Structure formats: C-alpha cells, structure tokens
Amino acid sequence: MRGEELEEAFPGYSGIYGDRVFAFRSSANHKGFSYLTAREQRKLLQYRPRFRFPNKAARPVNLPEAESRNANPLSADLAELVVDVETPDGKTVAIDDPALVEMLRADIDQKHQVTLMQSQRAMTDCRPVSIFSLQSAQQLAEETGTHVDKRRFRANVYVDLMSANGFAENELVGRSVRVGPKAVIKVLERDSRCVVITLDPDTGEQAPALLKKVAQAHDGMAGVYGAVLVEGMLHKGDPVEVID
C-alpha cells in the first residue's frame, strides 16, 4: 500500500518499528514470497493505511527506560498496532474488515485467495532496512528522460549523499554507517529490483522503461539493503557517517 513520510523512525534489529506489521498473503503466490503486492493488484498503491493509535506505532513503548538501562526495546501489543485503511474512493475500513479483502481481489485473477497476516516485527521480504539515494533517482531521471519519483523505490531511508553521481550507495556495501547520533547500519548488498518500481506511486500507471534502464545499465539493482547493528532513533535531516 502507499507509504508515508515520517519525521522520525526507530530501526530495530528486525526492521523499522511499525513498518510492515500487516501483510496480505495470496494462495496463488509461491511459498517463498506469498505476499499480495502491487505486482498483482496495482490499486494497492492507492490505499492509505494509518495506525489507529499512531503514538504506539512511532517507537518502542519503553524506549527511554530501555536506553537508560541497556535493556531491550519492547513493541506495543498487537491490539495497539491496529490499522485503518483509506480506500481509493475515500472510505475508511479496518485492516481486518472482510470487505477490504474483497476490494483487493477485485479485477484480479480470482485464484488469489487472500488472508491477513499480522506481526509485531516487520515482515520484510528481504533484509531489515533499505536505503536509496536521491542522486540515484536523479540519475535515472536523466537516463530515461522522465521524472523519477523517489517513492517508486519504497526505501525505508532516503539519503542525500552529496555526490554528483547516482548509485554512490553501491560503494557502501560491506561497510557500516551511523545515521543520526546512535543507529548503526551494516550495508550488506545491492537491492535487486522488480516491476514495482515501474508503477507510479499515486496512480499505479506503469512505466516499463524505468525497469529496463535499471536492468540494462545497473545490473537490475538500485539502492542497497542493510542490517541494524545498533538500534536508535532516526530523524529527518540526520547526518550519515561512514564509520568503517
């Protein structure tokens, strides 16, 4: 579904706190990746999920105490992480409303039997954290001759690497970066891309040339994946420092 821009976020070992704690599973997809995504239902990008209790979903519930005592941060109860969804026609339904499943199955192959999943931890399809640079979006815009919205890449963290060239984040693979005063992320590998980046984040309209360019000029990859080594709050505008 449509992402949202945050002023702050907490990257934990399992991923960004509050990110992807709900998902829809499709019986028609293979077991290794069973999620229903915009690859099957483009209109998913026009649904806006919102936490019913946003304060509970912003950061671990005991964060100050955990940091002062070197203890583990705790997640809110599942009932406190409930989500409401604004549909493309402006209606609001609960994430577990059966009517929402029927909306998501509309106009797609009915072999997709859809069920709801919930977890206190981020249900990412690969590594816990994804990073994408503003310069990479700009370079792809120049290479394709079109405007490229950074949101197409659905990253957890967008960084300004202050470089004239895109894809400089590739040089961080194998290194660790500190984001903000505390959080440390180990950059593990480049991010292999799929058809989702061709979909306009507002309309779902497809631009195949973008994925073709990424495949031909960048080995099918854009952005990087990482794992959290040190947990800590991030804020918009925080500095990014390579530490090894």
Side-chain angles (χ1 to χ4, degrees), residues 1-10 14-30 33-61 75-125 130 132 147-158 193-208 210-211 236:
M1 293 186 178
R2 183 170 299 182
E4 62 176 331
E5 186 172 349
L6 301 176
E7 294 293 324
E8 63 177 27
F10 181 83
S14 62
I16 301 295
Y17 182 79
D19 182 37
R20 304 178 191 229
V21 293
F22 286 94
F24 287 97
R25 176 193 288 121
S26 170
S27 61
N29 291 340
H30 64 80
F33 188 89
S34 60
Y35 302 125
L36 181 77
T37 74
R39 282 177 286 198
E40 296 83 27
Q41 174 56 282
R42 294 186 193 176
K43 288 184 179 179
L44 268 171
L45 297 175
Q46 296 175 289
Y47 286 77
R48 294 176 178 266
R50 294 186 176 91
F51 285 103
R52 193 174 297 171
F53 309 107
N55 291 339
K56 296 289 186 180
R59 57 176 65 192
V61 294
S75 297
D77 293 336
L78 288 177
E80 297 174 319
L81 294 176
V82 66
V83 167
D84 294 309
V85 179
E86 181 183 334
T87 68
D89 60 3
K91 297 179 181 178
T92 298
V93 296
I95 189 73
D96 58 353
D97 190 328
L100 179 59
V101 168
E102 293 308 309
M103 293 179 200
L104 300 182
R105 294 182 68 229
D107 305 321
I108 63 173
D109 195 317
Q110 292 303 293
K111 68 182 180 181
H112 290 281
Q113 298 299 315
V114 178
T115 54
L116 180 66
M117 305 165 62
Q118 184 180 6
S119 171
Q120 287 178 312
R121 299 175 181 271
M123 290 182 280
T124 54
D125 54 354
S130 57
F132 187 75
H147 171 69
V148 175
D149 191 321
K150 68 181 182 183
R151 294 178 298 159
R152 287 179 180 269
F153 299 89
R154 301 183 67 81
N156 294 125
V157 180
Y158 294 95
R193 291 299 178 170
C194 68
V195 70
V196 171
I197 68 169
T198 71
L199 304 178
D200 184 284
D202 291 320
T203 67
E205 294 182 8
Q206 197 165 21
L210 183 57
L211 184 59
K236 187 184 295 186

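Keep in mind that the numbers below use all heavy atoms, side chains included, and drop hydrogens, waters and symmetry copies. Because the structure is a prediction, the values reported are computed rather than measured.
- Between the side chain of Gln41 and the backbone N or O of Leu104, at least one donor-acceptor pair lies under 3.5 Å.
- Shortest non-hydrogen contact noted between Thr37 and Leu44 is C-CD1, 3.3 Å.
- Rounded to the nearest 0.5 Å, atoms CD (Gln206) and CG (Asp200) are 11.0 Å apart.
- When all heavy atoms of Ala155 and Ser130 are compared, the closest pair comes out as CA-OG, 3.3 Å.
- Considering only heavy atoms from C-beta on, Ile108 comes within 4.5 Å of Leu36 through its side chain.
- Under the side-chain contact (heavy atoms from CB on, under 4.5 Å) criterion, Asn55 pairs with no residue at all, not counting sequence neighbours.
- For the pair Arg152 (side chain) and Thr198 (backbone), a donor-acceptor distance under 3.5 Å is present.
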Original post:
Between Val101 and Leu116, is a side-chain contact (heavy atoms from CB on, under 4.5 Å) present by the stated rule, with each step listed?
Top reply: CA-CA 8 Å; Val101 168; Leu116 180 66; 5.7 Å; no
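- In this view, Ser27 and Gln113 satisfy the side-chain contact (heavy atoms from CB on, under 4.5 Å) rule, not counting sequence neighbours.
- Here the closest non-hydrogen pair linking Ala122 and Ser14 is CB-O, 3.7 Å.
- Applying the salt bridge (Lys or Arg N to Asp or Glu O under 4.0 Å) test to every pair with at least one member in residues 1-10, sequence neighbours left out, gives these pairs: Arg2-Asp202, Glu5-Lys236, Glu7-Lys236, Glu8-Arg59.
- Considering only heavy atoms from C-beta on, Ile16 stays 4.5 Å or farther from Phe10 through its side chain.
- In terms of heavy atoms, Leu81 sits closest to Lys56 at CD2-O, 4.0 Å.
- Within the 3.5 Å criterion, the main-chain N or O of Ala79 finds no donor-acceptor partner in the side chain of Asp77.
- Summarising the geometry of Gln118 relative to Leu78, their closest heavy-atom pair is NE2-O, 3.1 Å, with the distance given to 0.1 Å.
- Using a 4.5 Å cut-off on side-chain heavy atoms (C-beta onward), Thr92 and Arg50 make no contact.
- The salt bridge (Lys or Arg N to Asp or Glu O under 4.0 Å) analysis of residues 99-112, with sequence neighbours excluded, yields the pairs Lys43-Asp107, Glu102-Arg105.
- One distance of note links OG1 of Thr115 with NE2 of His112; it measures 13.0 Å at 0.5 Å rounding.
- Distance check, rounded to the nearest 0.5 Å: CE of Met117 to CZ of Phe24 gives 11.0 Å.
- Proximity of Arg39 to Cys194: side-chain heavy atoms (C-beta onward) are separated by under 4.5 Å at one or more points.
- Between the side chain of Ser34 and the backbone N or O of Asn29 there is no donor-acceptor pair closer than 3.5 Å.
- Counting heavy atoms from C-beta outward, Met103 and Tyr47 have side chains that approach closer than 4.5 Å.
- Residue Arg151 places its CZ atom among more than 12 non-hydrogen atoms of other residues, nucleotides or ligands, all under 6.0 Å distant.
- Atoms CZ and CZ, from Arg154 and Arg193 in turn, are 10.0 Å apart once rounded to the nearest 0.5 Å.
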Subject >> Stepwise side-chain contact (heavy atoms from CB on, under 4.5 Å) check, His147 with Asp149 >> reply: CA-CA 6 Å; His147 171 69; Asp149 191 321; 4.2 Å; yes
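- With a 4.5 Å cut-off on side-chain heavy atoms, Pro201 and Leu45 do not count as touching.
- Put simply, CD on Gln46 and OG1 on Thr203 are 7.0 Å apart, with the number rounded to the nearest 0.5 Å.
- Contact check for Ile95 versus Phe51: no side-chain heavy atoms found under the 4.5 Å cut-off.
- For the pair Gln120/Val21, no side-chain contact is recorded, criterion being any heavy-atom separation below 4.5 Å from C-beta on.
- Residues Ala57 and Tyr17 approach most closely at O-CD2, 3.4 Å, considering heavy atoms.
- Phe153 meets the ring pair (Phe, Tyr, Trp, His ring centres under 6.0 Å) test with Phe132; sequence neighbours excluded.
- With sequence neighbours left out, the ring pair (Phe, Tyr, Trp, His ring centres under 6.0 Å) criterion links Tyr35 to Phe33.
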